[in-house]
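Structure, as structure tokens:
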Amino acid sequence: MQLRGVVVDVADPKTVSTQYGESELCEVTVRPERGAGEPTTVTLWGKWTETADYLEPGMELAVYDAEQRQYQGETQYSAGGDASVVVEPDFLVDVTDIRAWVQCPRMYYLRKLDGAELAYPLVKGTVVHEVFGDLLRGRDLDDAIEAQIEAAGLDIGLLGREADEVAGDVRDHAAAIEGWLEQGTLTERDEWRSEMTLISERYGMKGRADAVRRGMPVELKTGKNTKREPRFQDKIQATAYALMLGERAANTLAASDVMADGGTTSPLEAAPDTGTLLYTKNAAVDRNEESGDLSPAKEFSIGSGLLQYVIRTRNEIAAMEHDTDVPTGYEANAKCEYCFEQDTCMAVSGRLDQESKAGQVGVAIPEEEREYFRRFYDAIEAERRAVHREYAKLWEQLPQERADDDRALIDLEPLGRRELDGGRWELRARGTGAVSKIREGDLVLASDGHPITGDAELARVERIGGGDQADGTASADGGREIVVTVDEPLSVRRLDVYPSELTTDRLQNALHDALLTQSPEQKDVLFGRRAPEFDEPAETFIDNNDAQDDAVARAVGAEDFALVHGPPGTGKTYTLARMVRALVERGDRVLLSAFTNRAVDNAIEALEEQGYTDIVRVGTESGVREDMQKYRLDQSGDPGECAGRLQGAQVVAATTATCGSTAMASQSFDTVVVDEAGQLTEPGTLAATTLGDRFVLVGDHQQLPPVVQSEDETLTRSLFERLIDAHPEAGVMLDRQYRMAQHIQAFASREFYDGQLRPANGAVAAQKVDDLDGVTVDALPSHLRERVSFVDPDGSRTGNTNPTEADAVADVVRAYREAGVAAADIGVIAPYRAQVAELNRRLSDVAVDTVDRFQGSSKEVIVVSFVATGDLDGPLFEDYRRINVALTRAKKALVLVGDRTALSSDEVYERMVEWASG
DNA sequence: GCTCTGCTAAGAGGA
């Protein structure tokens, strides 16, 4: 029997006498999630009573294979040795985190705070693991070593190592792997799976097993272990995979005819009974020096006790995360003096004044900084839980008709497969043409139909064929070929977005670095203890625009930081490029960053237009725009060359997420320039700014704020906005815009920029559609001849679409086209993606997109579809910054299409309608 | 109830 619900009460554990002798028990009251809301009692027996130590009312609890009985008319559940008890099952604990936790809970916590720094054992370990995978897939050893060392070129180079030297080290380890593979019948390929991604709904756990042999987990360790037994934490890691393999095996059995007699096998029983650890360094040690068991492969048996121990450990982590408690280390028996993390542990404890078993060193940072740390740490963890909810969507099998759920491409038709060099596979499938957020370059879970219970592999999307949408997303017309690469072949019928915690990890690292490693002087200005200081450069940088010139002067003269506020069309990117050049001329090494790849590429483009090209772009191949690939740092290749290119670059450009990578952490800069800073969270901004001595933030807090999944407001306010409020004197607002006609910009200027925004010159102010080649305004219907017009199509909203309004928008676009306006000069903006799809069905050759995606670009003619009728409920309309963005994309003509009554129900929108109705 | 960009992940070590 299975029970799942919210804990209402946890009684104190007690000892009772049973027919088998003394037993411990603990009663937990749970309110079931679904069905009748009557609370039920679950009695936890034996080791499961440990759960009571951390279980609290409000937490979710799942109990599997519990015994059920009736007592005084009430259903009671009993969880003994055959049962599984899972706390907060929606929180997906990573297997490597369980491993860290059994060593020491504080190690688990420290792993989250500071990211892995570049270290040779780590890089070598990664290469050995990759070679291991290659060998399992039948690749030649020397080919594998060469290829994997090349792939790790940049990291190896940054560590100052040579490829040959690393190859020698890796070969020693690989020899152990090869020797072991050649024993007996272990080479039969069908028996093997390499790098198996496992996600468990039942146990709230995920991880990637190095290999699975005959259904049993094999873990590779590049260390040595001369004991006969594997290390405890290594056994725990392998056992966690065994637990998840058992769940899969039980699912498979349940689905097959084998158990047709009605019997079932529990996942615990179905788990493999043996695990293998492969300590490859054992093969390389000198046999005369070392004694003990030098065989690399060590097997151990996996019983239900060990499996349940893993579940209980996982539960401790999930319970701690529920309250975001901070572990002290006293929870474990580990001896701090043997711990590699001891120094870090003591330093973090000292700086944050945390209790810890290892003790504290150093002086605590000021209380206001500690408070800031706690606030942002909690907010980032809330963001992590939101990512976990994305994982949960993987096992909620999507109904086929849910076309608005764009997290998966379903109903694919497998077309074929091809083996690539190195044993990887290229798989092709035909898509049904559904809209999806899956793009080229994405990491996805490819499956034969169900991502969790079916055959599934982590895959990279290589190509979504024939896409006619500029952003590479699959569009709605007919089938298209999809190509992915995977380690193991399968019949691809479905692709799911594979959620990543990478961004949350990086935010946490940035928070740690900014508060614990930056100098007090750098932090003083962030915490308002000191005003930022400036020099006044004598030079003139930009001739015909005082605000732009001031902005560059501020940036060049900044001792701490400068802020440049750039409303739409004010030449923000041009100014930024001029600023970077001025900094470089002074001799600075500059880091150029932004949240999105697009913004980073735009900034490079502006630099290029000003003749500056000594730039290295760090980023993934699929993230970097085609015409900017020439600046991209190839991270694979000769170590010395890779590292040299990065280290020698005067200007390095990367997204803030990439700034948090280990490779970038090895770099330092004089000045960090961040574009579109209004779209970044504080820790997101800090990921870039901590790499430099001073920084310049360029952005507009009146446009869209950071995108955050959880509802926590701590992250939705950008550092840019906070600093511009705290230090207005550090900011310069660019006040002359080169984009919009006078009338078009008037509303935004009044509502969002205190009337300060004005056209740069008469020509900008007076522009109209007649200025376009072959266009006459007289060819337009009379209601569209003004620069700003309003159309009420009298439609009605159904879901997030308004078909009548979509028709009206199509009519407006047709009128402009017939008046001679080129399709490329027209853009259509809608608040909802559903309406965008509705519009796309009517408009084949003009750009249609959401407000959010239109930020940063502009068109001669813009048509906005508001969708709403009745009233304006919904957060999309609450944030006025969204209309600021929508209305300021137009240069010569702006048409608002919406329901007059609905829009007039809100003051700001009412003023907008009046302005547009002129 | 809605907007949505980043990111390969997981990888090491010893009394």
Side-chain angles (χ1 to χ4, degrees), chain A residues 94-97 99 103 111 116 119-130 132-133 151-152 155 173 195 197 206-210 219-227 231 233-234 237 279-281 334-335 337-341 387 404 406 437 439 441-444 458-461 471 485 498-507 594-600 619-620 622-623 654-662 676 679-681 684 687 704-709 711 799-800 830-834 836 849-855 867 873-879 881-882 885:
Chain A
D94 204 279
V95 171
T96 47
D97 282 336
R99 180 180 196 274
Q103 290 181 81
R111 263 169 53 103
Y120 182 57
L122 192 63
V123 174
K124 185 177 72 180
T126 306
V127 172
V128 173
H129 272 82
E130 294 295 334
F132 178 50
D155 285 349
H173 291 268
E195 287 167 16
T197 300
K206 66 180 160 68
R208 194 136 102 123
D210 283 343
E219 274 302 299
L220 183 72
K221 297 290 163 197
T222 40
K224 82 174 174 192
N225 176 10
T226 55
K227 304 258 170 57
R231 264 189 274 278
Q233 60 266 29
D234 298 339
Q237 186 178 1
Y279 295 94
T280 56
K281 200 176 177 183
K335 285 200 172 63
E337 68 234 55
Y338 299 142
C339 178
F340 285 100
E341 301 293 342
V387 175
D404 60 323
D406 54 5
K437 66 186 295 183
R439 299 181 201 175
D442 280 0
L443 195 64
V444 295
L458 221 46
R460 165 99 20 214
V461 178
D471 61 7
T485 48
Y498 187 76
S500 169
E501 289 180 53
L502 189 118
T503 317
T504 21
D505 289 342
R506 298 256 163 106
L507 293 182
F595 180 56
T596 62
N597 275 310
R598 192 170 63 172
V600 173
T620 59
S622 58
T655 59
T656 49
T658 297
C659 286
S661 67
T662 46
E676 312 239 331
Q679 277 187 76
L680 276 162
T681 63
L704 294 174
V707 173
V708 171
Q709 298 199 39
E711 279 157 29
N800 290 328
Y832 303 103
R833 273 229 293 263
V836 168
D849 229 322
T850 56
V851 186
D852 301 60
R853 295 245 233 158
F854 240 105
Q855 175 153 339
V867 182
D873 61 339
L876 234 58
F877 291 98
E878 273 167 28
D879 195 336
R881 288 175 287 195
R882 204 163 251 113
V885 174

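By convention in this document, chain letters (A, B, ...) are assigned in the order of the sequence lines, proteins followed by strands, and residues within each chain are numbered from 1. Note that the structure is predicted; figures quoted are calculated from it, not measured.
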With sequence neighbours excluded, residues passing side-chain contact (heavy atoms from CB on, under 4.5 Å) with T503(A):
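For T503(A), no residue satisfies side-chain contact (heavy atoms from CB on, under 4.5 Å) once neighbours in sequence are set aside.
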
Given [options], identify the nucleotide with an atom nearest to the side chain of [X].
X	options	result
L122(A)	dG6(B), dA9(B), dG11(B)	dG11(B)
K281(A)	dG6(B), dG11(B), dG14(B)	dG14(B)
Y338(A)	dG6(B), dA10(B), dA15(B)	dA15(B)
T96(A)	dG11(B), dG6(B), dA9(B)	dG11(B)

Using every non-hydrogen atom in the two residues, find where [X] and [Y] come nearest and quote the distance to one decimal.
X	Y	result
D210(A)	L220(A)	OD2-N, 2.8 Å
V851(A)	P831(A)	CG2-CA, 4.2 Å
D849(A)	V836(A)	C-CG2, 3.6 Å

Name each donor-acceptor pair under 3.5 Å that joins a side chain in residues 120-128 of chain A to protein atoms two or more places apart or in another chain, with its distance.
| from | atom 1 | to | atom 2 | distance (Å) |
| --- | --- | --- | --- | --- |
| Y120(A) | OH | D169(A) | OD2 | 2.6 |
| T126(A) | OG1 | L122(A) | O | 2.8 |

Interatomic distance where [atom1] belongs to [X] and [atom2] belongs to [N] [whole Å]:
X	N	atom1	atom2	result
F132(A)	dA9(B)	CZ	P	21 Å
N597(A)	dC7(B)	CG	C1'	10 Å
N800(A)	dC4(B)	CG	P	11 Å
D849(A)	dT5(B)	CG	P	9 Å
L680(A)	dC4(B)	CG	C1'	14 Å
D94(A)	dG11(B)	CG	P	8 Å
L704(A)	dC4(B)	CG	P	10 Å
Q855(A)	dT5(B)	CD	P	12 Å

Base, sugar-phosphate, or nothing: which does [X] touch, judged by heavy atoms less than 4.0 Å apart?
X	value
R598(A)	sugar-phosphate
T620(A)	sugar-phosphate
T658(A)	sugar-phosphate
K221(A)	sugar-phosphate
N225(A)	nothing
E219(A)	sugar-phosphate
D505(A)	nothing
L458(A)	nothing
E341(A)	base
T596(A)	sugar-phosphate
Y832(A)	sugar-phosphate

Any side-chain heavy atom of D879(A) within less than 4.5 Å of one from P705(A)?
yes

Salt bridge (Lys or Arg N to Asp or Glu O under 4.0 Å) partners for [X], two or more places apart:
X	answer
R460(A)	none
R111(A)	D97(A)
D234(A)	R99(A), R231(A)

Respond yes when some side-chain nitrogen or oxygen of [X] is under 4.0 Å from OP1 or OP2 of [N], and no when none is.
X	N	result
R853(A)	dT5(B)	yes
R208(A)	dT8(B)	no
H129(A)	dA9(B)	no
Q237(A)	dG11(B)	yes
T503(A)	dT5(B)	no

Which string of ( ) [ ] | and . matches DNA chain B, if you list each base 5' to 3' and count Watson-Crick or G-U pairs only when both distances are under 3.5 Å?
...............

Judged by each residue's nearest nucleotide on DNA chain B, which is more toward the 5′ side, G207(A) or G799(A)?
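The 5'-side residue here is G799(A).
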
